[in-house]
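Keep in mind that this is a model prediction, so the values were computed, not measured. Letters go in sequence order (proteins before strands), and every chain restarts at 1. FYI, side chains are in, hydrogens and waters are out, and symmetry mates aren't considered; it's all heavy atoms of this structure.
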Amino acid sequence: MKLLFLHCDYIKFKPLKKALKSVEELSEKEKKEHEVKECLGVFVAVEKGDSVENVNDLINNVKDVASQVKAKKIVLYPYAHLSNNLANPEIALNVLEESEKSLKRDFDVIKAPFGYYKEVELKVKGHPLSELSREISPTAGSPTAHPNALSKSNKQPAKQEDYDPHKLLNEISKSRLDTSKLKENDHRILGQQMDLYSFNEVAPGMVFWHNNGLIVRDELIKFWKEIHKQHGYLEISTPQIMDKRLWQISGHWDKYKENNFLTNYENKDFIVKPMNCPGGMLVYRHSTKSYRDLPLRVGELGIVHRQELSGVLGGLFRVVQFIQDDAHIFCTEEQADEEISGIIDLIGLFYKKFRLPYRVELSTRSEKRIGTDEMWNKAEKLLKKALDRKKMDYKTSGGQGAFYGPKIDFHVKDSLGREWQCGTIQLDFSMPERFELEYTGKDDKRKRPIMIHRAIYGSLERFIGILIEHYSGRLPCWLSPIQVRVINFTDRNNKYAERIFGKLKEEGIRVDLELSSVPLSGKIRDAELMKIPYIIVVGDKEEKEKTIAVRTKGEKKIKNMEVDDFVEQVKKEIEEGSRKI
RNA sequence: GCCUCGGUGGCUCGGUAGGUUAGAGCGCGACAUUGGUAAUGUCGAGGUCGUGGGUUCGAUUCCCACCCGAGGCUCCA
């Protein structure tokens with residue numbers, strides 16, 4: 001429905017001739033010219049899809065505008081020319097008459113006749129609010145709209161909002177941490193000290209990555225990509241918001257409605273993706289597949305959003321927005337066993353690299369589930385078989401599976417002894433079914449692949465939190481935001497220090513320079529608190545001998561080295577850390 | 001979402017049993033200082049005491065609501 005509001009000194013109209021055959025004859029009185037002074041003209045075009053359910057929206061808009069311009073008289077004027085997608089006359093008339101009835105409770109209402117050619121004359125006041133248009137979308141207020149949907153935005157209020165940016169700025173504050181119950185190596189404290197990231201109340205549960213933290217995240221991603229390439233994975237990236245219908249197909253809408261972030265675009269409901277898989281399904285479907293393509297391993301480092309109960313958030317361990325190191329493996333039932341084994345190995349290798357202890361758990365069918373019991377039997381058996389074959393030590397917990405399939409979870413232990421689920425392997429017969437995935441078999445028949453969802457880090461955010469605590473902030477060199485700090489001994493050595501700094505930087509080492517004129521011990525202390533792996537001090541002695549004094553991660557021993565030797569050593573350490581599993 | 005606790009400069013924390021200019025250390029800036037591996041000195045800037053409302057002559061302080069955070073439940077595709 002489209003509305004045009006004109007605040008007028010007067011409106012005059014006179015019906016001349018019927019425009020529609022179906023409308024009733026007007027009485028003699030109604031055929032006369034009408035004049036209304038000091039009124040709000042409401043010109044209405046009722047469109048396809050509108051119904052009496054939209055009357056309330058119309059009323060609210062009229063009330064809104066009338067109160068702003070302080071109008072008491074309303075001229076309700078059918079004005080088809082606002083739209084090229086008109087509702088049929090019966091509905092339009094119905095909507096208009098209902099509207100008139102409701103408006104009469106609060107205003108003097110004059111309704112211009114429907115279905116007549118009319119002569120009209122009016123004078124618009126010309127103040128800033130005297131001409132307004134509004135659009136009411138047919139879905140607004142309908143029972144199908146989600147309660148959280150931005151139905152207000154459908155109103156498209158044209159009024160200028162009244163706010164004071166300075167006042168608003170005071171209302172939003174960064175999140176202050178209550179450290180009273182936290183250990184010293186809690187990632188929330190270390191994250192602040194090391195300037196890795198922060199939180200702000202404008203985005204609860206969503207990380208503001210600072211430069212230092214982003215370096216850690218990027219390194220983990222780089223490493224992940226490297227290893228996955230080596231293990232035969234392809235990589236894709238799918239959109240951040242997708243049509244609600246996609247989530248209805250996948251079943252996420254039914255199961256997790258209330259946890260989704262909703263938005264809309266072009267009058268369609270969109271969902272901010274809580275999962276990567278449906279996007280991945282569409283990529284699979286984009287081209288025909290043959291048995292030769294299987295197993296097809298497709299990774300996606302996707303940003304997902306999930307609304308969580310407000311009490312469960314905690315630093316990086318539990319967030320609302322996170323990067324999932326997802327991958328989907330499409331394969332035949334016969335291949336599943338080997339694929340699962342491969343993933344178990346891969347996860348083990350990752351955790352071993354970070355020296356993280358972990359525990360394995362098999363989660364079987366949950367109450368909230370889709371798919372037949374037959375599927376579940378098959379899937380559970382496959383997972384069990386792989387675990388047994390690998391002689392894994394694992395616990396079975398009933399009812400804990402994902403809604404589309406059973407899973408193997410990998411729980412990593414943090415420094416407090418708390419366990420966090422990171423890695424997961426989930427078998428899924430259901431999603432391929434719902435998305436009608438197919439491949440052509442050797443026998444030229446259409447077959448349905450099965451699908452394995454898996455993640456290793458689980459959430460990059462959580463994994464970084466665990467790493468920070470696990471290493472008490474002393475990240476391995478290849479992950480450290482600052483790998484080397486160069487410190488001068490006195491101002492006399494600045495030039496030499498700058499040369500060393502430049503050389504290391506050229507070599508691709510993340511290095512910074514500290515030339516302030518405070519005593520050395522103070523600068524050493526700062527660098528240690530920042531958990532910088534290598535501290536280089538250059539003074540008169542080093543300058544004369546063309547060496548550097550190297551202090552390694554918290555060790556008190558100082559080693560005098562040639563710059564080139566140091567560069568070689570550090571580069572080798574970084575290289576090995578970031579490429580090899 | 002529920003129960004308990006918290007929110008005072010960038011950070012860590014004092015303080016106000018309602019009353020003039022809310023303090024300190026670190027950090028930041030300036031100046032002095034030129035020192036050998038976990039804190040050099042002096043001076044200076046920096047605060048709507050989480051937000052909104054109420055009580056009051058007066059609220060950072062008391063009351064209410066909300067927001068954010070922490071611990072614990074519940075939850076985690």
*Indicate, with a heavy-atom threshold strictly under 4.0 Å, whether A/Ala549 touches base, sugar-phosphate, or nothing.*
base

*Side-chain contact test, heavy atoms from C-beta onward, threshold under 4.5 Å: evaluate it for A/Asp218 versus A/Trp209 and give yes or no.*
no

*For A/Tyr256 and B/A77, are the ring centres under 5.5 Å apart with planes inclined under 30°?*
yes

*asked:* Using a heavy-atom cut-off of 4.0 Å across all strands, would you classify A/Ser517 as base, sugar-phosphate, or nothing?
replied: base

*Is the gap between the ring centers of A/Tyr439 and A/Phe330 under 6.0 Å?*
no

*Between A/Leu529 and A/Leu313, who's closer to the 5' end of RNA chain B by nearest nucleotide?*
A/Leu529

*With a non-hydrogen cut-off below 4.0 angstrom, is A/Arg188 in contact with a base, only sugar-phosphate, or nothing?*
sugar-phosphate

*What's the closest nucleotide to the A/Gln192 side chain, out of B/G36, B/A77, B/U12?*
B/U12

Ignoring hydrogens and angles, write down the donor-acceptor pairs under 3.5 Å from the side chains of residues 310-324 of chain A, residues two or more places apart or on other chains.
unit_1   : atom_1 : unit_2   : atom_2 : d
A/Arg318 : NH2    : A/Glu308 : OE1    : 3.0
A/Gln321 : NE2    : A/His305 : NE2    : 3.1
A/Gln324 : OE1    : A/Asn276 : ND2    : 3.4

*For B/A32, give its Watson-Crick or G-U wobble partner with both distances under 3.5 Å, or none.*
B/U40

*With the side chain of A/Ile558 defined as its heavy atoms from C-beta on, choose the nearest nucleotide among B/G36, B/C76, B/U37.*
B/U37

*B/C13, B/G35, B/G69: which one has an atom nearest the side-chain heavy atoms of A/Pro519?*
B/G35

_In this structure, how many angstroms lie between the C1' atom of B/C76 and the CH2 atom of A/Trp420, rounded?_
10 Å

*Spacing of A/Lys167 atom NZ relative to B/G52 atom P, expressed in whole Å*: 6 Å

_Which nucleotide wins on minimum distance to the side chain of A/Lys407, given the candidates B/A77, B/U37, B/C68?_
B/A77

*Could you say whether A/Thr490 or A/Gly315 is positioned toward the 5' end of RNA chain B, judged by the nucleotide with the nearest heavy atom to each?*
A/Thr490

*Centres of the A/Phe403 and A/Tyr256 rings: under 6.0 Å?*
yes

_Interatomic distance, A/Glu171 CD vs B/C66 P [rounded to whole Å]_ = 16 Å

*asked:* With a 3.5 Å distance limit and no angle check, can you tell me whether A/Glu380 reaches the backbone of A/Thr364 through a side-chain donor-acceptor pair?
replied: no

*Which nucleotide in the set B/G71, B/C5, B/A77 lies at the smallest distance from any side-chain heavy atom of A/Gln426?*
B/A77

_N or O in side chain of A/Arg176 less than 4.0 angstrom from B/U8 OP1/OP2_ = yes

*B/C76 OP1/OP2 closer than 4.0 Å to side-chain N/O of A/Gln307*: no

*Can you tell me how far C1' of B/C11 sits from CE of A/Met194, to the nearest Å?*
16 Å

*With respect to the side chain of A/Thr179, which nucleotide from B/U12, B/G36, B/A77 is positioned closest?*
B/U12

